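Scroll down for the structure; my scribbles are underneath it.
Each chain gets a letter, A, B and so on, in the order its sequence line appears, and its residues count up from 1. What you are looking at is a predicted structure, and each value in this text was computed from that prediction instead of being measured.
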Protein chains: 2
Amino acid sequence: MNPDALRGHLDALLLSVLEWEPLHGYAIMEALQERSGGALTVPTGTVYPALRRLERIGYLSSEWATVGGRKRRTYRLTESGRKHLQGERSAWQEFTSVIGGVLRPEVRAEH
Amino acid sequence: MNPDALRGHLDALLLSVLEWEPLHGYAIMEALQERSGGALTVPTGTVYPALRRLERIGYLSSEWATVGGRKRRTYRLTESGRKHLQGERSAWQEFTSVIGGVLRPEVRAEH
DNA sequence: ACTCTATATGTAGACTGGCTACATGTGACG
DNA sequence: CGTCACATGTAGCCAGTCTACATATAGAGT
């Protein structure tokens with residue numbers, strides 16, 4: 001998929017993946033891959049900075065854990081993030097409806 | 001609407017508006033505004049460079065006309081552009097299906 | 001006359017967010 | 001030992017959109 005198209009929708013994807021369970025960065029990348037049926041491969045250089053940004057804003061909180069000798073930073077959705085996810089979802093609805101409406105091949109009415 | 005979200009979809013919008021009739025830049029802006037129900041206000045600094053880019057690629061061709069003392073550069077879809085529009089349309093379908101699939105609030109199965 | 005609005009096209013430069021490429025380290029398996 | 005999967009992170013690039021500006025005509029209103 002055209003990587004450009006992701007612009008402005010990545011935050012929503014990340015928050016959405018974290019809606020039901022806290023996950024660490026690597027697991028988030030896997031979850032995106034899996035939940036998109038393999039269509040979405042978001043590189044580390046995209047995910048990690050984005051997670052930090054979302055934490056800075058206050059939509060996520062994180063804590064370190066060590067599992068099997070490996071360090072993980074696990075992110076969880078804050079209340080503020082949960083609210084924002086709702087907003088992102090309705091923004092997505094509006095976005096697809098607007099663009100889709102313009103894009104839809106219109107059958108010209110006879111006149 | 002978040003202007004960032006337009007990224008990577010503007011070409012499709014422009015080609016789509018030109019599908020059935022050639023239009024000049026200003027009319028294209030109006031058409032986008034109207035066909036989106038007022039949600040889309042694409043500024044001149046976005047539209048004009050984009051049209052030139054699409055012409056350079058070969059998806060559009062243009063010619064000058066003078067109507068009522070005003071000069072217009074009218075753009076029309078080329079065959080190549082028409083084909084590309086098909087591709088953009090299916091790309092849009094896939095895009096919305098992939099992102100929408102990840103974004104959709106999933107009701108967790110009991111287990 | 002003058003002003004304002006709509007019509008019409010265009011460019012320079014800033015901004016920004018996702019991507020490429022790289023750096024670093026552990027554990028497991030052969 | 002080498003290689004792969006796991007795991008996190010940053011510097012700098014890049015392309016496309018936006019802001020702000022420049023220019024010009026026509027028509028309506030005062």
Rounded to the Å, how far apart are [X] [atom1] and [N] [atom2]?
X       : N      : atom1 : atom2 : value
B:Leu51 : D:dG16 : CG    : P     : 14 Å
B:Leu54 : D:dG16 : CG    : C1'   : 12 Å
A:Tyr48 : D:dA11 : OH    : C1'   : 17 Å
A:Leu14 : D:dT8  : CG    : C1'   : 15 Å
B:Glu55 : C:dG10 : CD    : P     : 9 Å
A:Arg53 : D:dG9  : CZ    : P     : 15 Å
B:Arg72 : D:dA24 : CZ    : P     : 20 Å
B:Arg56 : D:dA15 : CZ    : C1'   : 12 Å

Can you figure out which of [options] approaches the side chain of [X] most closely?
X       : options               : answer
A:Leu10 : C:dT9, D:dG9, C:dG18  : C:dG18
A:Leu6  : D:dA5, D:dC18, C:dC19 : C:dC19
A:Glu30 : C:dG18, C:dT20, D:dC6 : D:dC6
A:His24 : C:dG10, C:dT9, D:dA7  : D:dA7
A:Thr44 : D:dT17, D:dG9, C:dT11 : D:dG9

Sorted by position of nearest nucleotide on DNA chain D, 5' first, the leading residue of A:Ala27 and B:Thr41 is A:Ala27
If you assign each of A:Thr46 and B:Pro49 to its closest nucleotide in DNA chain C, which residue comes earlier from the 5' end? B:Pro49
Are any of the side-chain heavy atoms of [X] and [Y] separated by less than 4.5 Å?
X       : Y       : result
A:Arg35 : A:Leu13 : no
B:Met29 : B:Tyr48 : yes
B:Val42 : B:Leu14 : no
B:Arg89 : B:Ser16 : yes
A:Ile99 : B:Thr96 : no

Rounded to the nearest 0.5 Å, what separates atom [atom1] in [X] from atom [atom2] in [Y]?
X       : Y       : atom1 : atom2 : answer
B:Tyr75 : B:Ile28 : OH    : CD1   : 7.5 Å
A:Leu32 : A:Leu40 : CG    : CG    : 6.0 Å
A:Leu23 : A:Leu51 : CG    : CG    : 10.0 Å

What are the residues of residues 58-71 of chain A, sorted by number, that bring a heavy atom to within less than 4.0 Å of DNA chain C? A:Gly68, A:Gly69, A:Arg70
Can you list, in residue-number order, the parts of residues 80-91 of chain B that come under 4.0 Å of DNA chain C, counting heavy atoms only? none
Using OP1 and OP2 only, check whether a side-chain N or O of B:Arg73 sits under 4.0 Å from C:dG10. yes
A:Arg52 side chain N/O closer than 4.0 Å to the phosphate oxygens (OP1, OP2) of D:dT10? yes
Knowing that exactly one of A:Arg52, A:His24, A:Glu55, A:Arg76 qualifies, which makes a side-chain contact (heavy atoms from CB on, under 4.5 Å) with A:Ser62? A:Glu55
Under 4.0 angstrom, heavy atoms only, what part of the nucleic acid is B:Gly45 near: base, sugar-phosphate, or nothing? base
Is any N or O donor-acceptor pair between the side chain of A:Arg7 and the base of C:dG18 shorter than 3.5 Å? no
A:Arg82 and A:Glu19: CA distance, side-chain angles, deciding distance, side-chain contact (heavy atoms from CB on, under 4.5 Å) verdict: CA-CA 7 Å; A:Arg82 206 168 286 276; A:Glu19 186 175 22; 4.0 Å; yes
